[in-house]
Amino acid sequence: MTADKTIIDNDSDRPLHFLEQIITRDFAEGKHSQVITRFPPEPNGYLHIGHAKSICLNFGLPEKFGGECHLRFDDTNPAKENQEYIDAIIRDVEWLGYRWSGDIRYASNYFQQFYEWALYLIEQGKAYVCHLLPDEAREYRGTLTEPGKNSPYRERSVQENLDEFEKMRTGEYDEGACALRAKIDMASSNMNLRDPILYRIRKQLHHQTDDKWCIYPMYDFAHGQGDAIEGVTHSICTMEFADHRVLYEWLIDNLPVPSKPVQYEFGRLNLNYTVTSKRKLKQLVDDGYVDGWDDPRMPTLAGMRRRGVTPAALRKFCDMIGVTKSDGIVDVSMLEHAIRDDLDKNAPRAMCVLNPLKVTLTNYPENKTEMVTAAGHPNRDDLAERTLPFSREIYIDADDFREEANKKYKRLVIGKRVRLRSAYVIEADKCIKGDKGNIIEVKARIIEDTIGSDPGDGIKPKGVIQWVDAKRHAIFDVALYDRLFNDASPDSGEKNFVDVLNPESLVMKTQCVGEVGLNEAEVGTTYQFEREGYFCRDSKSEGLMFNRTIGLRDTFNG
RNA sequence: UGGGGUGUAGCCAAGUGGUAAGGCAGCGGGUUUUGAUCCCGCCAUGCGAAGGUUCGAGUCCUUCCACCCCAGCCA
């Protein structure tokens with residue numbers, strides 16, 4: 001039932017965004033003939049929708065202009081990182097459909113080189129070991145409006161710095177006792193230039209280098225150099241690093257690096273009704289508000305994958321939102337549109353009844369079962385059609401029947417007709433109620449010869465509803481997901497984002513019935529349950545269970 | 001009150017001195033065996049504000065305002 005080909009529409013005629021314009025200019029000026037980028041996640045959490053924007057950008061640019069993108073883990077802080085995150089990130093990038101050039105890289109691959117460059121800086125008199133304690137260093141740093149003061153260790157001799165740095169490396173000092181700092185300008189209006197720390201002591205095992213080091217480079221002393229080693233031409237990061245650019249350049253200019261990458265910044269993605277901060281997502285997981293990083297309600301790539309969102313939908317979304325330096329808040333309806341757009345074009349159709357109500361077709365033979373065929377997709381004949389059993393008793397959704405209704409109601413009503421999708425037109429005669437007046441069964445009749453054609457008497461049904469055969473069907477649970485937060489900006493202001501969680505973000509439906517073929521539903525395929533929405537088989541449940549990716553657009557009002 | 005960044009419709013976003021693209025949302029209509037899809041139409045005399053330059057300004061100049069980021073030995 002899987003589509004042979006996925007239909008993807010990408011607007012290739014959209015105007016170039018600012019980074020594409022920069023690359024175009026660089027090519028025209030002969031600065032580069034190919035673009036080399038890198039996607040540099042820190043393995044301290046799962047990738048989320050915001051990372052998807054960065055991934056699409058970094059992998060998309062070389063795809064469009066020619067070049068390559070590296071996958072490099074920014075693993076300079078062993079205290080927060082681990083292998084589980086590395087594995088998950090690799091899986092997510094691959095799932096999104098991108099392939100990095102060469103081997104997976106790690107900043108830690110270059111620790112020896114960074115160390116030697118630290119020695120070089122010391123020898124040039126541009127770095128020193130500072131024994132100010134963290135609290136003292138903060139005081140010396142000054143504030144946003146007041147300049148900092150020079151560290152008393154700032155003028156140590158090159159030899160003394162070499163000796164002290166060696167002691168740092170060999171573990172003679174405790175964490176926090178001292179650090180290697182660049183000698184730049186304690187009075188700079190840019191805090192990043194106030195003698196930034198280059199190396200700190202961390203007596204921790206590292207997931208890649210084990211116990212080889214007890215000193216680890218800071219982000220600033222690793223990122224640009226890693227880019228230079230790899231020949232990255234355009235080092236793209238988010239706006240909050242704009243202040244770091246001068247430091248990035250200072251390091252590139254003061255070190256004998258093999259190439260001169262240039263840093264560019266773009267505005268990170270913000271989505272309303274969701275949080276995109278690794279810290280907060282981790283809290284939702286750690287405190288049990290959700291099932292895990294891959295809970296279908298999470299904006300993580302793993303969560304969205306489990307929910308049935310496709311890579312194509314995410315790429316389309318990233319294409320829609322554009323790339324600029326402004327930081328806005330994108331409306332989730334854009335993401336939802338991208339998801340529906342892809343799924344509508346590509347999801348195989350099926351029928352499912354969430355709230356089963358038995359309908360007995362009183363003029364249909366007791367022991368007869370006929371097979372009706374239904375299209376795999378209304379606008380595509382390359383998706384295999386299904387053959388569905390049809391017999392005297394069927395289920396329809398309880399919401400699709402009313403004893404009486406106004407003209408706007410286009411479903412089944414006593415004395416009126418409705419089309420059973422891909423099958424007969426039926427007319428309801430009466431309904432049977434239980435003790436509490438609840439409707440437990442509907443008695444109806446089929447109109448003969450209405451498969452594939454309208455009733456001969458010219459009385460056409462007003463609506464079409466889905467149905468499932470009462471004898472042969474699949475039975476399963478369905479998880480109906482809604483937005484995780486009720487508040488449009490859960491992480492703004494002084495409110496606590498967990499206070500604004502949507503208590504109805506997950507509603508379970510049990511004993512749902514669907515067409516038999518659903519028993520063989522594959523994990524990884526998202527179906528459209530007609531008139532209901534898009535659903536996919538849950539990848540973790542032992543039994544048959546479906547997750548609702550998203551409902552159909554519903555413009556019906558009345 | 002220092003530095004960096006950003007302000008074009010409810011949201012995202014083109015526009016690079018010549019008279020405000022496109023998408024999302026919304027609204028109206030058409031097609032339809034999914035109240036889906038699809039199709040058509042409507043939706044900024046206005047570009048954060050005020051001055052100025054110019055025949056002409058969202059684009060240039062001046063001043064002002066708002067919001068975001070920076071004082072981790074996090075990234």
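A note on names: the letters A, B, ... follow the listed sequences, proteins ahead of strands, and every chain is numbered from 1.
- Applying the Watson-Crick and G-U wobble criteria (two distances, each under 3.5 Å), B/G58 pairs with nothing in any strand.
- In this structure, B/A66 and B/U6 make a Watson-Crick or G-U wobble pair, each of the two defining distances being under 3.5 angstrom.
- Between the side chains of A/D227 and A/Y248, at least one donor N or O sits under 3.5 Å from an acceptor N or O.
- Remark: B/G35 base-pairs with no nucleotide; criterion is Watson-Crick or G-U wobble with both hydrogen-bond distances under 3.5 Å.
- Nucleotide B/C42: paired with B/G26 (Watson-Crick or G-U wobble, both distances less than 3.5 Å).
- If you check distances only, the side chain of A/R419 does reach the base of B/U33 with a donor-acceptor pair under 3.5 Å.
- In the set B/G23, B/G2, B/U33, the nucleotide with an atom closest to the side chain of A/R421 is B/U33.
- Atom CZ in A/F241 sits about 14 Å away from atom P in B/C74, given to the nearest Å.
- Checked for salt-bridge contact, A/R38 and A/E230 miss the test: no charged N lies under 4.0 Å from a carboxylate O.
- Residue contacts shown for A/L343 are absent, as no nucleic acid heavy atom lies under 4.0 Å away.
- Within 4.0 Å of A/G176, counting heavy atoms only, lies at least one base atom of the nucleic acid.
- Note on A/Q528: a base of the nucleic acid sits closer than 4.0 angstrom, heavy atoms only.
- A/R245 comes within 4.0 angstrom of nothing in the nucleic acid, heavy atoms only.
- Remark: the separation of the C1' atoms in B/G3 and B/A14 is 30 Å, to the nearest Å.
- Using a 4.0 Å heavy-atom distance criterion, A/K325 is classed as a sugar-phosphate-only contact.
- Residue A/I215 is classed as having no contact, given no heavy-atom separation below 4.0 Å to the nucleic acid.
- Using a cutoff of 4.0 Å between basic side-chain nitrogens and carboxylate oxygens, A/D342 and A/R315 are not scored as salt-bridged.
- A/S422 comes within contact range of at least one nucleobase, with a heavy-atom separation under 4.0 Å.
- B/U45 and B/G15 are spaced 22 Å apart, taking the P atom of each and rounding to whole Å.
- Taking atom C1' on both nucleotides, B/C67 is separated from B/C74 by 25 Å, rounded to a whole Å.
- Considering only side-chain N and O atoms, A/R72 lies nowhere under 4.0 angstrom from the phosphate OP1 or OP2 of B/A75.
- A sub-4.0 Å separation between OP1 or OP2 of B/C74 and a side-chain N or O of A/R200 is present.
- Taking the six-membered ring where the residue is Trp, A/W213 and A/Y115 present tilted rings, their angle falling between 30° and 60°.
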